[in-house]
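See below for the structure under consideration.
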Amino acid sequence: MKGKFARRYFRSNPLFLLAVPLLFGVAGFLLSCGTNPYPREETSGHTYYTSYADPPKHLDPAVSYYSYEATIVDHIYETLYQYHYLKRPYELTPLLAETMPKVIYVKYPDGDRVRYRIRIRDDVLYHEDPCFTVSKEWGGRTRAVRAADFVTAFKRLADPRVPCPIRPILSGVIVGMKGFTEANKDRARTDYDLPLEGVQAPDSRTLEIELLRPYPQIRYWLAMHFTSPIPQEALEYYNGEEGRGTLDRHPVGTGPFRMTEWVRRQRIVLEKNSRYHEECYPSEGEPGDEEAGLLRDAGKRLPLLDRIVLSYEVESIPRWRKFLQGWYDATGLARETFDQVVTKRGELAAPMAVRGVRLHKAVEPAIYYFAFNMNDSVVGGSSRSARKLRQALSAVFDTERFLRIFLNGRGIPAQEIVPPGIFGHQGDTNPFHGRNLALAKRLIREAGYPDGIDPATGRPLVLTFDNAMNNASSRPQLQFIKEQFEALGIRLELRTTDLNTFRSKVRAGNYQIILSGWILDYPDPENVLFLLEGSQSTIPFGGENRANYRNAEYDRLYAKIAEMENGEERFRLIGRMTNLVRRDVPWIPIFFNESYALTHSWCRNFKMAPILNNALKYRDVDPEKRRAYQEKYASPRRAPLFFLLVLLLALPIAGYLSVKRREG
Amino acid sequence: MGAYVIRRILYAVPVILGVLVLIFLLFFVYAGGAQNIARQVLGEKVRKEAIEEWIAAKGLDKPLWYNPRASGLGRFEETLFYAHMHDMLTLNFGKSWRDGDDILEKILRRAPASLSVAVPTFLAGLGASVFFSLYLAFVRETWIDRFGTVTCVAMMSLSILIYIIAGQALFAIVLRWFPVSGYRPLPLGGRFIALPVLVGTLAGLGGAIRFGRTIMLEEISREYVRAARARGLSESRILGIHVLKNAMIPLLTSAVLSLPLLILGSLLIENFYGIPGLGSMGIEAIQANDFMELRALTFITAVLYQIGLILTDISYTLVDPRLRLR
């Protein structure tokens, strides 16, 4: 009877019978998967594996604006100048130019102009590309860079059909750029035969750029991909017709790498440019670089890597997990994993050190600050009372605690507005910065609000803090800010709105205090000091000076430093501007952001350089070391699969036994 | 049935139009004007001139509902509302704001990735839930049944996020059976799809098994089951053939309703596992404030959902010929 039941039970159960081969099939498939996220047919070698979270929108150097695009664009295109990889403060060195530009002051009847004369290298070839005809001289579809290619690049910046984000800036300084834009506005197609007066190529190796006024910052723009040379052939070939796409998708540059694969939202592959011109790894850096092993490859031909594989990874947790398995060579540090990696003292945690992981830190050229609306009747203006009130608010805010609680200590308290590593950073102490409650209370008394009480009402002075910090995670920050300022006895009203309303309020000048930030475009103090210049006021000019700070002395000094070369005098004048800001307190500078990165032991020559976007040409990897790590930390564990199989196969037996018992 | 289907399609029209009006209100009216939209897309640091250029290029400089500067019908036609309704109803989704790609092309390009995860998840989920609910019905009122039910309730109580993160930690980090994330098209990309399919299946399994078990138990108590037993059919045969057939109507209802998900993918799973499908396209569009993509995806979701509902009704008649749709 027992045998009959068992026979009927198993034989007549088609689902169970089907499940057994299915289970073994699935198990076999599972065993074959493994953790390798790259195509198996690829060999790694000197390949650098990393990820990107923001897919590039544009690869056209005239259009691409964001740093995540620059990481790709700046390895494909090159500029006249570049930043030294190792030296700090950042130093410009020639790249496609032979030397630094020669500056010539030219007198015209309608005013003086400044001409930059630049000699171009003669050994730089474009990547091989179908847009070129076969050249006997170079033995392939390529040609040498000519000065005229830079003229084409500048004409594209002025082209009204190219959405160039920096056109308004350069149009204001380069002679004839505005005219070129205007002349082409009403034409059906942009006429590149029209001259651009301020950018000329007298011969194939000389480029001349003429400026309406002294503007030393032009050199930084010449180190940005916007001004990379563009071959006319590429413009004509990649015109979007006959399925050839546009330059935005087919970059043709001179850089150390060329793009060989771009699968949207999957990966981008850059391969070494075998025709890359002579450029060597730097042989000098800043103190400590030699000890850190950053000069081991001094004098070697660049690039050191054969390939770069960038995988699209939008979430931080998978990125971190792949890094731990050794599939990424380097990664940033997300908030979720910070405590696993960094100790309270800011050092690398022991479990990471055991794996050979290294921690790198760098201060970013960025500042975060509170801005007062200088047009406001209470916190604004230049009266003694208002100034003392702002000074009191500055002296009561505990920046260090803020950084510790909300940013894992990733930041440097800002005593001034020029970030460290940028020329003009004074490095001294702001008397009104940091938590000094006694001083703050004295200052608010002198401002006419003893213990924070407004004599007009007999009640605590009420100030408002407008913000768009409307998500749940921002609430503790808002509470912290409120508590800090209210330690003076005043009341801080939090006006939290959506981002659009907040923006509208700032644009209308309808606020007292806001929190804001700025990332510098280039490492020059002018690029942050202009944020407090009078003609940049949001009210009434619609500019970036959100505090609407107007100080004739500051504006005068700004006009000077904006046109000066770096030197003692410039440093001294920036010091005076810094002191004016410290005295008037239109901003409370809070902190300079610090970014962290992690690399594996097989990564060579890794130095963080937030301003540089072409750093990968200096880096290298040790593939053998990487393979050994992956063997240890990424090979599949198969035993639990067999356990799971046994468990699933036991289901019918368990079912049989329990049904048997139920049926008595 | 033809008349019924036509009537159902006509009912869907006002729903779709209502969705379009809501999309317009959300994306164009509530967004706070062209200046704010431009800043959201281009970023805070972009100069005023660039913003003006962008607004003009995207046609956002038109009035919302009524254009007093135009004449005749143009007063209504040269508005953002007219352009929005016209574009959506003619399936002219336009170009993406964030990368300038044609949105319809993009949707067609990304749909296969969503399908390559969603179809196996759907099939594996359906198969596993039918299998386990039959099994639980078979072992009803035993310790395995009780244990299984409790496990199902526990599985239902967990958020999909837990499945996604813990599933990745367990299968890709601890056991190291699959890549953490990534994608390659099929047939080469099976190993990339395996983990999201497994996690997606597990995430929906608790509820589906419990639902299936309830249906099966309800069917078991019916007369035809008693008759089958009296004829001497084995328990597993009764369950696997007769009960399963009759339980298909409610199972199909819940399955067909998930059709839009099949095509649009799961936002979170795709995003976390790096599947470049329509779900991750939605997330990216939200992050980039790309209203053009978002409105196209929202519109397609609404249309697919309506199609799903109509198909559910039709599927009833296919499973049970006694039902007639009027």
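Throughout, protein chains are lettered first and strands after them, A, B, ... in sequence-line order, and every chain is numbered starting at 1. None of these values were measured; they are calculated from a predicted model. What you see below is based on every heavy atom in this structure, not just the backbone, and it leaves out hydrogens, waters and symmetry mates.
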Side chain to side chain donor-acceptor pair (under 3.5 Å) pairs, two or more places apart, involving residues 172-189 of chain B: A:E41-B:R184, A:E313-B:S181, A:K322-B:S181
Report which part of A:L641 has an atom under 4.5 Å of a heavy atom belonging to chain B: side chain, backbone, both, or neither. both
Heavy-atom pairs under 4.5 Å with chain A are the metric here; pick the option from B:G190, B:G274, B:A194 that has the most. B:G190
Taking A:Y312 for the side chain and B:P276 for the main chain, is one N or O donor matched with an acceptor at less than 3.5 Å? no
Neighbour count above 12 (heavy atom, 6.0 Å) for A:R161 CZ: yes
Heavy-atom proximity to chain B below 4.5 Å, by part of A:F502: neither
Flag if over 12 foreign heavy atoms under 6.0 Å of NZ, A:K178: no
Side chain, backbone, both or neither of B:I144 within contact of chain A (heavy atoms, under 4.5 Å): side chain
Identify whether the distance between the nearest side-chain nitrogen and carboxylate oxygen of A:R249 and B:D101 falls below 4.0 Å. yes
Show me the pairs that pass salt bridge (charged side-chain N to carboxylate O under 4.0 Å, His left out) and involve residues 282-294 of chain B, at least two apart or across chains. A:R265-B:E284, B:R98-B:E284, B:R98-B:D290, B:R98-B:E293, B:K106-B:E293, B:R110-B:E284
Heavy-atom distance under 4.5 Å to chain B: side chain of A:R267, backbone, both or neither? neither
Under 4.5 Å heavy-atom distance to chain A, tell me which part of B:A169 shows up: side chain, backbone, both or neither. both
At a heavy-atom separation under 4.5 Å, does A:S658 approach chain B through its side chain, its backbone, both, or neither? both
Atom group of B:L198 that falls short of 4.5 Å from chain A, counting heavy atoms: neither
Option in A:Q325, A:R319, A:H58, A:R167 with maximal non-hydrogen atom pairs under 4.5 Å from chain B: A:Q325
Top of A:P318, A:C33, A:P37 for chain B proximity - count of heavy-atom pairs under 4.5 angstrom: A:P318
Locate the shortest heavy-atom distance separating B:F192 from A:N36; write the atom from each residue and the value. CZ-O, 4.2 Å
Would you indicate whether the side-chain heavy atoms of B:Y135 and A:L651 approach each other to under 4.5 Å? yes
Quick one: closest heavy-atom pair of A:R321 and B:I165, and the distance? NH1-O, 3.1 Å
I want to check something: taking the side chain as every heavy atom from C-beta on, are B:F272 and A:I317 in contact at a cut-off of under 4.5 Å? yes
Here the pair of heavy atoms bringing A:R637 nearest to B:I173 is NH1-O, 4.3 Å
Taking all non-hydrogen atoms of both residues into account, name the closest pair between B:R191 and A:P39 and its distance. NH2-CA, 4.0 Å
Of all heavy-atom pairs between A:P640 and B:L175, which one has the smallest distance, and what is that distance? CG-CD2, 3.4 Å
side-chain contact (heavy atoms from CB on, under 4.5 Å) with A:E315: of B:I283, B:N271, B:I164, B:L268, only one passes, and it is B:N271
Residues, nucleotides or ligands: over 12 heavy atoms within 6.0 Å of A:Q340 CD: yes
